[in-house]
K.L.:
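The structure under discussion is supplied below as C-alpha cells; questions concerning it will follow.
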Protein chains: 2
Amino acid sequence: MSSRAASSPNKRNARAHLLDAATKLIREKGFTATSVDELCAAAGVTKGAFFHHFASKEALGVAAANNWAETTSALFAGAPYHLPADPLDRVFAYLDFRRDLVSDEIAAFTCLVGTMVQEVHGTSPAIRQACEASIFGHAQSLVPDIAAALAAHNVHGVQPIDLALHFQAVLQGGFILSKASGDPAHAKASVAHLKAYVAMLCEVPLPQ
Amino acid sequence: MSSRAASSPNKRNARAHLLDAATKLIREKGFTATSVDELCAAAGVTKGAFFHHFASKEALGVAAANNWAETTSALFAGAPYHLPADPLDRVFAYLDFRRDLVSDEIAAFTCLVGTMVQEVHGTSPAIRQACEASIFGHAQSLVPDIAAALAAHNVHGVQPIDLALHFQAVLQGGFILSKASGDPAHAKASVAHLKAYVAMLCEVPLPQ
DNA sequence: GGCAAAACATACCAACCGGTTGGTATGTCG
DNA sequence: CGACATACCAACCGGTTGGTATGTTTTGCC
C-alpha cells in the first residue's frame, strides 16, 4: 500500500503519450498523413481521450511543436558544449554535438518542427508560428556564444543572430538531403562545411 | 478549316494542366493535403481524366517530381550564370541567380521536390527516388564549374560534388526558415553566407 | 464517505478520400 | 466504311477522415 505513484509505466497521463506518439509519427510520415485514429492507437488511448486533451488536430500540432521546443531546449541546455572556456570552442562543440546527434535512423534525428512547417506554413498559421518560435528560439540561444566568439576574433560585418540562423538553415537543409537520399551522411557533411566556414570566418585552423 | 492546331489556349492536354496545378498546390499545401478532387478542379479536368493519365496519386507525385527536374534543368541551362569566363565567377553568378529567384511569394520560389520529399520520404519510395534524382542531378550539373574554380585556386580537401550538395542543403534550409517566418529574406541571407564561404575557401575577396 | 470535476471510453456522424465504373466523343488507319 | 485506340466524363463505391454526443470511471478534496 506504500505510495507507488508514477511507478506504473503506462500511467502517465494520456496527453504526454499522445505528444510522444505524435512526435514519432509526424517525423516519420508528416502531419497531414498522420491521422487522429492512428495517433490514438499508437498512444494507446481512445479518440475520446484525444479530444478531451486537444480541441482539434491543429491544436495537437501546436502542442507538439511547443513540446518539441521544450524537449530540445532541455537537451541543449544539458549538453556538454557549454563547458569549454573559449567561446569559439563552445561554438565548435555545439556543431560537433549537432553532428553527433545524427544517427542511422532518419526519423530519429530529423527536426519535428522543420518537417511540420514545410507542410502547414500556408494552411495553419497557429502551427507555423509555434514552429517558428521553436526554430528561432533555439537560434537565439546560440547568440551569446557566437557573439563572444566573433568579438574575440575581431570578426566584423556578421550579426550573431544571422549566423545562428544560418546554422539552422544548414542543419535543416542537411536533413532534407538525408531524407531524399536515405543517407544520414549528408546531414553530417553539411555540418562539416559549416564548421569550416566558422573556422575561416574567425581565421583559426579547423579543429580536429 | 485551315489547321488551327494548338491555338485554343485551353487545349493543351489535360496531363500538362494537371502537372502545373499539382506543382502549384503541392508547393502551397504539401502533397498529402492536396486531394485529387482539388487537383482536378484546379486543372479544370474531371477525375476520370486524372486517372486516365496517372495510375494513382503516387504516380502523379512521381510525374510532378520528374516534370520539376525537367523544368528546372531548362531554367538553369538557359540562365546567364554560365557566361563569365572565370569558373569561380560562374559559381558566384550561380549563387546570385539562386538568390534573385527568391521573390515575395513563398510558394513561388520554394522547391517542389524538397517539400515533397520531406513528407513522403518514409512512405513512398517511388516519389522519394524521383525527388532525390532531381536534387542530386541538379547538384551534379554544378560540379564542372565548382571543380574548375577549386582547381584554379588550389583548394584541396574539398570534393566538388560535396560542395555542390552543400549548396543545395543551404538553399533548402533557407526555404524552411522562410516558410517558418513568412519572410523570404532568410532564404537570401543563407545564400549570402554561402557566397562568403566560397570566397574564403578560394581565398578571394567577397564580390560586390 | 460524499461529491464535483477531470479523465477517460463508446458509439456514432457527415464529409471527404483515392479509386472504379460504364460510357461517349473524336480521331485515325486500312 | 468498319475496327480500333485515345482522351475524356458523370456517377458512384467502400473506407477513412476529423469531430461530436453521451456515457462511465478515476481522482482530489472537504
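Below, read A as the first sequence line, B as the second, and so on, with proteins coming before strands; counting in each chain starts at 1.
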K.L.:
Which whole-number value in Å describes the distance from A:Phe54 CZ to C:dC8 P?
P.N.:
11 Å

K.L.:
Looking only at the side chain of B:Ser35 (C-beta and beyond, no hydrogens), which of the listed nucleotides D:dG18, D:dA7, C:dG18 gets closest?
P.N.:
C:dG18

K.L.:
Using 4.0 Å as the upper bound for N to carboxylate O, is an ion pair formed by A:Glu119 and B:Lys29?
P.N.:
no

K.L.:
Nearest whole angstrom, please: distance from the C1' of C:dG19 to the CZ of B:Phe50.
P.N.:
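Distance check: B:Phe50 CZ to C:dG19 C1' gives 10 Å.
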
K.L.:
Specify the separation, in whole Å, of atom CG of A:Asn13 and atom P of C:dA5.
P.N.:
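Distance check: A:Asn13 CG to C:dA5 P gives 21 Å.
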
K.L.:
Can you check the A:Asp37 CG to C:dA9 C1' distance for me, whole Å?
P.N.:
14 Å

K.L.:
Out of C:dG18, D:dG18, D:dC9, which nucleotide sits closest to the side chain of B:Ala49?
P.N.:
D:dC9

K.L.:
Please report the distance, rounded to the nearest Å, between NZ in A:Lys57 and C1' in C:dC16.
P.N.:
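It works out to 14 Å between those atoms.
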
K.L.:
Write down the distance between CG (B:Leu25) and P (C:dG18), rounded to a whole number of angstrom.
P.N.:
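After rounding, the reported distance stands at 12 Å.
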
K.L.:
How would you label the contact of A:Thr34 with the nucleic acid (heavy atoms, under 4.0 Å): base, sugar-phosphate, or nothing?
P.N.:
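Sugar-phosphate contact only - A:Thr34 comes under 4.0 Å of backbone atoms but never of a base.
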
K.L.:
Report the nucleotide, chosen from C:dA7, D:dC8, D:dG19, that has the shortest atom-to-atom distance to any side-chain atom of B:His53.
P.N.:
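The nucleotide sitting nearest to the side chain is D:dC8.
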
K.L.:
By nearest atom, which of the nucleotides C:dT10, D:dA10, C:dG18 is closest to the A:Thr46 side chain?
P.N.:
C:dT10

K.L.:
Answer yes or no: is there a donor N or O on one side and an acceptor on the other, between the side chain of B:Arg90 and the main chain of B:Pro84, under 3.5 Å?
P.N.:
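Answer holds: yes.
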
K.L.:
Extract from the structure each pairing of a protein N or O with an N or O of nucleotides 20-25 of chain D at less than 3.5 Å, listing the distance.
P.N.:
none

K.L.:
From B:Asp89 CG over to B:Leu83 CG, what is the distance, rounded to the nearest 0.5 angstrom?
P.N.:
11.5 Å

K.L.:
Just how far, in rounded Å, is P of D:dG18 from CG of A:Leu39?
P.N.:
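Checked: the CG to P distance equals 9 Å.
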
K.L.:
Measuring to OP1 and OP2 of C:dA7, would you say a side-chain N or O of A:His52 lies under 4.0 angstrom away?
P.N.:
yes

K.L.:
Quick check on side-chain hydrogen bond (donor to acceptor under 3.5 Å, both in side chains): which of B:Gln118, B:Glu132, B:His121 does A:Lys179 satisfy it with?
P.N.:
B:Gln118

K.L.:
Would you say that B:Val158 contacts B:Leu150 through its side chain, given a criterion of any heavy-atom pair below 4.5 Å between the two side chains?
P.N.:
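With C-beta onward as the side chain, the pair touches.
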
K.L.:
Nearest whole angstrom, please: distance from the P of D:dA7 to the NE2 of B:His17.
P.N.:
14 Å

K.L.:
Got a sec, which residues hit salt bridge (Lys or Arg N to Asp or Glu O under 4.0 Å) with B:Lys57, two or more places apart in sequence or on another chain?
P.N.:
none

K.L.:
Between A:Asp96 and A:Lys195, is there a side-chain N and carboxylate O pair less than 4.0 Å apart?
P.N.:
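Yes.
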
K.L.:
Among D:dG18, C:dC17, C:dG19, find the nucleotide with the atom closest to the side chain of A:Val36.
P.N.:
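It is D:dG18.
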
